[in-house]
> 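Input: one structure, supplied below.
Numbers restart at 1 for each chain; the letters A, B, ... are given by sequence-line order, proteins then strands. As the structure is a computational prediction, the values presented were derived from the model and not from experiment.
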Amino acid sequence: MGSYVLRRILIFIPVLIVISMITFWLSEKAPGDRVQDRCGEGLSRSEYNRCARLYGLDQASFYFSIQPKAYPDSLYRFVRPNRIDRIKSYCRQTGDWDAVEQWEQNLWNFNEALSALPDSIDRQLGIDIRAVYTNLQLTRDLKRVKQELSQLKAYADTLGITAFSTKVGALTAASEPLFSVRNSRAMYIPRFVWHGVDNRYHRWFSSFIRLDFGVSLKDSQPVSRKLGHALYWTLLLNGFSFFLAFLIAIPVGVRAALKVGGRFDRISSSLFFMLYSLPRFWIATILVVFFTTSYYGDWMDIFASIGMGSVPDDASWMEAFRIRAGHFVLPVICQTYGLLAYISRQMRGGMLETIRKDYIRTARAKGLPENKVIWKHALRNALFPMITIFGAVLPAAIAGSVIIEVIFSIPGMGLLMFEAVFANDWPVLFAGLMLGALLTLLGVLLADLMYAWADPAVRFAGGTKSKGHGGN
Amino acid sequence: MAEIDPIRNISPGKLVWKRFRSSRSVRWSLRLLYFFLFVALFGDFISNDKPLYCKIEGASYFPVLRSYAVSAGLAKWPAVFQRVDDWQELDYDRVVFAPIPYSATSIDISNSFVSPFEEQRVSDSRFHHLLGTDELGRDVAAGLVAGTRVAILVGLLSMGIAIIIGILLGGLAGFFGDRGLRVPWIRLLVLGFSVFLGGFWAFSSRSGQLLAAGEEGWFLSALLGSLIVWILTIGVGYLLSRGLEFIPAFRRSLPLPVDLMVVRLIEVIQSVPGLLLILSVAAVLRKPNIFYIMILIGLIRWTTIARFVRAELLRIREMEFIDAARVMGFRRRRILFRHALPNALGPVLITIAFGVASAILLEASLSFLGIGLSAQDVTWGSMLNMARRNFTAWWLALLPGIAIFLMVTIFNLLGQGLTDALDSR
């Protein structure tokens with residue numbers, strides 16, 4: 001038993017790490033500028049750099065990187081996604097980092113030449129020159145760079161300030177190698193670069209373990225607090241639904257197994273099969289559309305509307321419960337009915353297997369009443385495998401509650417993540433994804449361990465019989 | 001499998017098909033499925049805002065057929081049809097419209113949220129919106145036809161991907177286990193290196209092309225190009241290693257723990273709640289496209305199929321006919337693909353049927369949430385979502401839901417029918 005638990009936990013850890021890497025990789029691909037997400041737009045260059053350093057955004061993203069030889073080995077230091085894209089693009093086209101670096105340096109510092117321009121110059125000309133500079137930063141096309149540079153030179157000539165013309169000349173000179181160097185082979189040679197533990201993934205994952213998920217971009221609240229709040233509602237919804245589903249499905253499964261092919265078996269299995277095929281979000285929509293308003297008839301306004309209702313501050317415990325429960329009826333129904341078919345079918349199968357066993361025959365032979373044989377001896381043994389079902393339906397339940405929460409406006413994890421998608425609230429979204437995976441892993445782990453603990457066959461065999469988790 | 005009829009000597013496959021067809025629910029499901037397939041295939045001729053045939057100023061045209069040629073770049077619209085806003089308003093000598101004279105995307109703003117039985121503002125009763133409209137006045141019947149096409153595509157594309165990956169990985173894992181696949185170490189080395197190098201060339205070196213393609217909207221074909229680069233590199237690596245194996249020193253073989261690797265991979269994928277993963281990926285993608293969602297569903301849902309194939313092959317590989325094939329000196333590949341996998345096909349078909357149902361359901365829930373859809377896409381899920389904006393539009397709440405229910409039930413029933421037909425007890 002001990003070795004089984006240990007082995008099970010040892011598998012759990014690498015799976016979690018792999019999932020965290022996938023999640024982090026996804027979060028890296030999210031559009032936008034992380035520094036601006038954190039500290040707002042319109043930062044000056046020094047403010048931007050300070051913010052990047054504060055949140056470790058100027059670090060490499062992973063322990064190592066494998067990149068084309070054409071790229072510089074510390075690309076991440078440039079932080080700004082726009083700048084990194086530009087450098088990568090020119091490196092791809094020229095295959096020569098030295099040439100690109102020279103250009104990039106000059107382009108970056110040209111900002112000073114711009115701010116050194118006196119205020120007395122023609123206003124329109126000033127705007128035009130700045131527009132050229134912006135275009136130079138935004139374009140990825142070398143031909144365009146050439147055009148913009150000649151445009152800039154023309155403006156500098158009109159302006160007639162020597163210092164500025166010299167700067168423009170230097171910039172043009174720095175661009176020359178970009179147009180002459182071509183080393184396309186450098187893109188096809190991989191290079192391994194080691195970045196060490198000072199990297200963003202390391203920082204992200206270690207704070208995740210400490211349950212520090214950062215702050216929401218939407219309202220600057222700690223993500224852990226928001227998720228914790230949401231988790232309460234999701235667990236409440238799913239806890240109720242699971243309880244109800246097991247409460248209904250297990251007796252039905254047992255009775256169906258007692259007379260296979262009998263009328264009860266046929267009716268219950270086709271009823272549950274139909275329920276299973278009814279899309280949850282459709283039923284939920286119909287319930288909301290038809291049964292929460294009085295549009296289709298006065299009596300049809302049966303259930304409380306969507307949301308969790310507002311409980312007045314001075315309301316008694318009973319009063320609060322009544323309001324909340326009224327809002328919870330429909331979501332729990334929707335979440336429960338789809339589980340019934342799967343659970344009752346598994347129960348029926350498990351029971352069928354159990355009543356064929358020798359010890360049941362023994363129990364009957366020694367004259368125990370049939371009720372006692374079924375509900376005491378058979379059921380207890382048939383219930384063991386049901387524990388693993390918990391692990392099988394948990395992922396589906398977590399995913400399924402997204403839709404239920406959105407339709408009924410329950411402030412749970414699903415709704416939180418759904419809103420995070422449309423608000424580009426990355427910390428909430430990816431912490432939610434990780435938490436969903438972690439919950440699933442823990443649920444399956446717990447189910448497996450409980451199964452091992454409950455079933456002597458597994459306990460003594462060292463757990464080789466552990467069933468895989470399934471379902472859909 | 002079941003005993004073979006001694007007189008007529010029917011093959012086991014035919015026997016299963018016969019038993020499968022003998023169930024009434026299966027027959028009805030198949031009929032409905034054929035109907036849905038027909039609608040998906042000929043949707044453009046069933047619902048279209050362009051006429052099927054028309055005669056203007058003495059000349060005959062077939063605008064629907066022509067629209068195919070135009071979109072393929074083979075033809076241009078004749079002058080009469082250029083800049084047509086509303087095909088109903090043209091001056092026809094004779095005209096034959098499709099049974100539903102609207103496209104799923106054609107907007108009829110003067111008929112917003114009209115019920116099927118309500119008075120509608122249309123020029124002719126021929127243009128009555130038979131099943132009502134949504135907020136923008138888009139025809140619900142036309143939307144149902146377009147949604148059928150999406151649902152069938154999800155079934156084909158998502159499950160196609162899932163089947164290929166699932167059968168291949170599940171088959172390898174179940175057939176070879178952890179010790180069964182012994183490979184010369186040089187081949188492991190060279191293949192491993194070419195997988196890495198090919199991946200690098202496909203995605204890192206081509207990142208510029210992929211990015212540009214993503215901005216111009218042909219990302220999928222660029223991705224296909226990358227995959228081809230990858231596969232070609234691996235192929236070259238394979239040939240190279242086969243050449244090197246002529247040298248005796250390279251021939252010592254090592255066991256490759258395929259089963260362990262596949263089972264761990266399945267565990268990782270199954271631990272991430274699929275809907276949440278797709279939600280996150282869709283948020284990261286800058287240009288939503290329904291095909292990305294279908295591919296993602298396929299990449300997530302192969303695990304169920306792989307687990308079934310693996311379990312079946314674990315059983316089959318111990319059977320005598322496999323030993324017989326081994327004794328006869330057949331190659332491993334032949335035994336796996338010609339003898340072992342075909343025998344695992346029955347149970348796998350069951351998971352595929354249920355898998356199609358759940359893939360369609362997942363796509364419908366995603367488009368219901370508005371995830372991964374561009375503004376013009378009309379699916380059953382997105383139509384159902386419209387019902388939440390206006391509780392009085394009962395036709396929007398009922399009709400797309402019934403379509404989803406039917407489609408899902410068909411595949412669930414087919415899976416159930418297969419289970420019964422294959423059950424030899």
> Side-chain contact, heavy-atom cut-off 4.5 Å: B:Gln270 with A:Thr440?
no
> By a 4.5 Å heavy-atom criterion (distance strictly below it), what part of B:Ala282 contacts chain A: side chain, backbone, both, or neither?
neither
> What part of A:Val18 gets within 4.5 angstrom of chain B, counting heavy atoms only: side chain, backbone, both, or neither?
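Looking at A:Val18, just its side chain touches chain B.
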> Which residue out of A:Asp85, A:Ile283, A:Ile403, A:Ile22 racks up the most heavy-atom pairs below 4.5 Å with chain B?
A:Ile403
> With B:Leu197, which residues qualify under side chain to side chain contact (heavy atoms under 4.5 Å, CB included), at least two apart?
A:Pro190, B:Phe193, B:Trp201
> Can you tell me which portion of B:Phe411 sits under 4.5 Å from chain A's heavy atoms? Options are side chain, backbone, both or neither.
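Looking at B:Phe411, nothing touches chain A.
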> How many angstroms lie between atom OG of A:Ser277 and atom CE of B:Met407, to the nearest 0.5 angstrom?
13.5 Å
> Side chains of A:Ile407 and B:Phe368, heavy atoms from C-beta outward: is any pair under 4.5 Å?
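In contact.
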> Please identify, among A:Pro68, A:Gly436, A:Ala30, the residue contributing the most non-hydrogen atom pairs under 4.5 Å to chain B.
A:Pro68
> Kindly indicate, with the supporting measurements, whether the criterion side chain to side chain contact (heavy atoms under 4.5 Å, CB included) is fulfilled by A:Met417 and B:Ser280.
CA-CA 9 Å; A:Met417 285 188 66; B:Ser280 313; 4.2 Å; yes
> Quick check: closest heavy atoms across B:Ser271 and A:Ile19, and the distance to 0.1 Å?
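Taking every non-hydrogen atom into account, CB-CD1, 3.7 Å.
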> What's the separation between atom CG in A:Leu433 and atom CD1 in B:Ile278, rounded to the nearest 0.5 Å?
11.5 Å
> Rounded to the nearest 0.5 Å, what separation is found between the CD1 atom of A:Ile286 and the CH2 atom of B:Trp394?
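It comes to 11.5 Å.
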> Answer with side chain, backbone, both or neither: which region of B:Val281 has an atom nearer than 4.5 Å to a non-hydrogen atom of chain A?
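Both backbone and side chain.
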> For A:Met187, is there any backbone N or O sitting under 3.5 Å from a side-chain donor or acceptor partner on B:Ser205?
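Judged by distance alone, yes, a pair lies under 3.5 Å.
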> So which heavy atom on A:Trp426 is nearest to which on B:Ala283, and how close?
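Answer, listing the atom of A:Trp426 first, then B:Ala283: CH2-O, 3.5 Å.
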> Taking all non-hydrogen atoms of both residues into account, name the closest pair between A:Val289 and B:Ala387 and its distance.
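Smallest interatomic distance, heavy atoms only, reads CG2-O, 4.0 Å.
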> If you compare all heavy atoms of A:Phe422 against all heavy atoms of B:Leu369, which two are closest, and at what distance to 0.1 Å?
CZ-O, 3.9 Å
> Considering only heavy atoms, which portion of B:Phe405 lies under 4.5 Å from any heavy atom of chain A: side chain, backbone, both, or neither?
both
> Measure distances from A:Leu439 to the heavy atoms of chain B and classify the residue's part below 4.5 Å as side chain, backbone, both or neither.
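Neither part; nothing is under 4.5 Å.
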> Using every non-hydrogen atom in the two residues, find where B:Arg388 and A:Thr285 come nearest and quote the distance to one decimal.
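Heavy-atom minimum between the residues: CG-CG2, 4.0 Å.
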> Check whether B:Leu362 gets within reach of chain A through its side chain, its backbone, both or neither, counting any heavy atom under 4.5 Å.
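Neither part.
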> Name the region of A:Leu26, side chain, backbone, both or neither, that has any atom closer than 4.5 Å to a heavy atom of chain B.
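Its backbone and side chain both get close to chain B.
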> To the closest 0.5 Å, what do you measure between CG (B:Leu413) and OG (A:Ser270)?
10.5 Å
> Does the side chain to side chain contact (heavy atoms under 4.5 Å, CB included) test come out yes or no for A:Arg140 and B:Leu211, once each step is laid out?
CA-CA 12 Å; A:Arg140 306 280 177 270; B:Leu211 270 177; over 6 Å; no
> If you define the side chain from C-beta out and look only at heavy atoms, does anything of A:Leu278 sit under 4.5 Å from B:Val408?
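Side-chain contact under 4.5 Å: no.
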> How about A:Val402 and B:Leu276: do any of their side-chain heavy atoms sit closer than 4.5 Å?
yes
> Mind checking whether B:Asn412 and A:Met274 have side chains closer than 4.5 Å, heavy atoms only?
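A side-chain contact under 4.5 Å is absent here.
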> Check whether any side-chain N or O of A:Trp282 sits under 3.5 Å from a backbone N or O of B:Gly381 as a donor-acceptor pair, and report yes or no.
no
> Using non-hydrogen atoms only, which part of B:Arg206 is less than 4.5 Å away from chain A: side chain, backbone, both, or neither?
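Nothing of B:Arg206, per the 4.5 Å heavy-atom cut-off to chain A.
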> Are B:Val284 and A:Phe430 close enough, and set up right, to give a side chain to side chain contact (heavy atoms under 4.5 Å, CB included), and what steps lead you there?
CA-CA 11 Å; B:Val284 168; A:Phe430 293 112; 3.7 Å; yes
> Any idea which heavy atoms bring B:Leu361 and A:Phe281 closest together, and the distance?
O-CE2, 4.1 Å
